[in-house]
Amino acid sequence: MDDGPAGMDINLEGRIVGGRHGVAAMREGGGGAIVNISSIAAVRGWPVRAAYAISKAGVLQYTMSLAVRCARAGWNIRCNA
């Protein structure tokens, strides 16, 4: 059984919205850390639950992209998955 759109919303959209608000608050506070939970399914795939694997791959890529953005901007925010 696949998670479908609901899983995508929870696993990916939630991280994007949370990251947006978290980065804003951390910038005001002088820095911080964001830790997102991904999965081995992000890099190996999971044929029975494709939406889950896709959403976790998105979380992984989003986290890496956010880490680069924060580092280049000098915001003192560490991002890990």
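Note that the coordinates shown come from a computational prediction; the quantities given were computed from them, not determined experimentally.
A distance-only check finds no donor-acceptor pair linking the side chain of T63 to the backbone of N80 [under 3.5 Å]. Not one N or O on the side chain of K56 forms a donor-acceptor pair closer than 3.5 Å with the backbone of V43.
Across all their heavy atoms, A53 and A41 have their closest contact at CB-O, 3.6 Å. Across every non-hydrogen atom of R27 and I77, the tightest pair is CG-CD1, 4.0 Å. Pairing each heavy atom of N76 with each of G30, the nearest pair is ND2-O, 3.1 Å.
Annotation: the span from S55 atom OG to L12 atom CG amounts to 6.5 Å, rounded to 0.5 Å. Once rounded to the nearest 0.5 Å, the distance linking OH of Y52 with OG of S39 reads 3.5 Å.
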*Is there a side chain to side chain contact (heavy atoms under 4.5 Å, CB included) between R69 and V23 once you walk through the steps?*
CA-CA 11 Å; R69 180 176 181 203; V23 166; over 6 Å; no
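Counting only residues at least two apart or in different chains, ring-ring contact (aromatic ring centres under 6.0 Å, His included) contacts with residues 55-81 are absent.
For Q61, the side-chain hydrogen bond (donor to acceptor under 3.5 Å, both in side chains) partners are S65, not counting sequence neighbours.
Proximity of M64 to L60: side-chain heavy atoms (C-beta onward) are separated by under 4.5 Å at one or more points. Side chains of R15 and L66 form no contact here, defined as non-hydrogen atoms less than 4.5 Å apart.
No continuous path of ILVMFWY side-chain contacts below 4.5 Å connects I16 to I10, so the two sit in separate hydrophobic clusters.
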